[in-house]
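All residue numbers in this chain count up from 1 along the given sequence. These values consider heavy atoms only, across backbone and side chains, with no hydrogens, waters or symmetry-generated copies.
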Amino acid sequence: QQQLNKAKLHGDLPLGIEIVIPDIHEGEILWRDELHEMIEHSVKFDYSMFPPNKRYLWQGVALPSLSGNQLKLIIAIDSSGSIDDELLGLFLSEVESIMNNFENYVIDLVIGDAKVQEHSVLYPGDTINPRLKGGGGTNFEAIFEYIQNEIMDPSLVLYFTDGVGTFPKQRYNFDTIWVMNDENIEVPFGEKLLLKRSN
């Protein structure tokens, strides 16, 4: 940790370094209820052929039945050099809060700075790896292009960031909520929610 802090002070933190989060702090998002309400609107329903929908069986038609609702969400975390350990800890605590508040979910977790450093899929019962790779500059466009090209049918992206970086020049076909700690930064599209550091 001392070497990491020293490298940050001298501005020579190498790309791809593993940023170790010593502990996950208790975070607080202003308008957290609004955030969860937005997430709930993105819930997609899963359908299954077994058992088939009984409503149409008498007609000799086998259609999928509703097997339950499942949250499908993409969360992007900015792991660039401008994000300090405390802010990363707040990001992770908010992701854990989402995982604790929804019972049935599939979350694509994308970690990146100037490029995607890691992409994992979280299911109920999974835990978040507190070691995040990054440390370079921030290119939001590279992350959005990855999401559009590599993740099937994205509908909502939560992007945890300090907002310092290169924003995309185009809009995408999915909703975006920017979760950041600087109320003065303007985002080119989507909603913005303010993350407050604990004092």
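Using a 4.5 Å heavy-atom threshold, the side chains of Tyr172 and Glu145 count as touching. Counting only heavy atoms from C-beta outward, the side chains of Leu194 and Met180 never approach each other to under 4.5 Å. Two residues are said to be in side-chain contact when any heavy atoms from C-beta on lie closer than 4.5 Å; Met99 and Ile128 meet this criterion. Within the 4.5 Å cutoff, the side chain of Ile74 has heavy atoms near those of the Ile151 side chain. At a threshold of 4.5 Å between non-hydrogen side-chain atoms, the residues Asn139 and Lys115 do not count as touching. Proximity of Leu109 to Ile77: side-chain heavy atoms (C-beta onward) are separated by under 4.5 Å at one or more points. Annotation: side chain of Val110 is not in contact with side chain of Ile75 (no heavy-atom distance under 4.5 Å). In this structure, Val95 and Phe160 have side chains that are in contact, with non-hydrogen atoms separated by less than 4.5 Å.
Here Ile185 contributes atom CD1 and Asp162 contributes atom CG; the two are 6.5 Å apart, rounded to the nearest 0.5 Å. Interatomic distance, OG1 of Thr166 versus CD1 of Ile143, reported as 11.5 Å (0.5 Å rounding). A distance of 6.0 Å separates CG of Asn129 from CD of Glu118, quoted to the nearest 0.5 Å. With values rounded to the nearest 0.5 angstrom, Ser93 atom OG is found 10.5 Å from Asn100 atom CG. Here the CG-CG distance, from Leu92 to Leu132, works out to 5.0 Å after rounding to the nearest 0.5 Å. Separation of atoms OG (Ser120) and CG (Asp108) is listed at 8.0 Å; rounding is to 0.5 Å.
Looking only at distances, no side-chain donor or acceptor of Asn149 sits under 3.5 Å from a matching main-chain atom of Tyr146. With hydrogens and angles ignored, the 3.5 Å screen pairs no side-chain donor or acceptor of Lys192 with any backbone N or O of Ile177.
Under the 4.5 Å side-chain heavy-atom criterion for grouping Ile, Leu, Val, Met, Phe, Trp and Tyr, Leu156 is not connected to Val106 through any hydrophobic cluster. Under the 4.5 Å side-chain heavy-atom criterion for ILVMFWY residues, a single connected hydrophobic cluster contains both Phe167 and Ile147. Under the 4.5 Å side-chain contact rule for hydrophobic residues, Ile98 and Ile111 share a cluster. Leu122 and Leu88 fall within a single hydrophobic cluster, where Ile, Leu, Val, Met, Phe, Trp and Tyr are joined by side-chain heavy atoms under 4.5 Å apart, directly or via other members. Residues Val179 and Ile83 fall within the same hydrophobic cluster, defined by Ile, Leu, Val, Met, Phe, Trp and Tyr side chains chained together at heavy-atom separations under 4.5 Å.
Among all heavy-atom pairs drawn from Gly190 and Arg171, the shortest one is N-NH1, 4.4 Å.
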**Prompt:** Would Asp113 and Ser80 count as a side chain to side chain donor-acceptor pair (under 3.5 Å) if you check the C-alpha gap in whole Å, the side-chain angles of each, and the deciding distance to 0.1 Å?
**Reply:** CA-CA 4 Å; Asp113 45 18; Ser80 64; over 6 Å; no
**Prompt:** Hey, mind stepping through Phe189 and Thr176 against side chain to side chain contact (heavy atoms under 4.5 Å, CB included) and telling me if it holds?
**Reply:** CA-CA 7 Å; Phe189 52 81; Thr176 303; 3.7 Å; yes
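Taking the six-membered ring where the residue is Trp, Phe144 and Trp178 present tilted rings, their angle falling between 30° and 60°.
Note: Phe140 and Tyr159 meet the aromatic proximity criterion, with ring centroids under 6.0 Å apart.
In the displayed structure, Glu141 atom CD is contacted under 6.0 Å by more than 12 heavy atoms of other residues, nucleotides or ligands. The number of heavy atoms from other shown groups lying within 6.0 Å of CG (Asn173) does not exceed 12.
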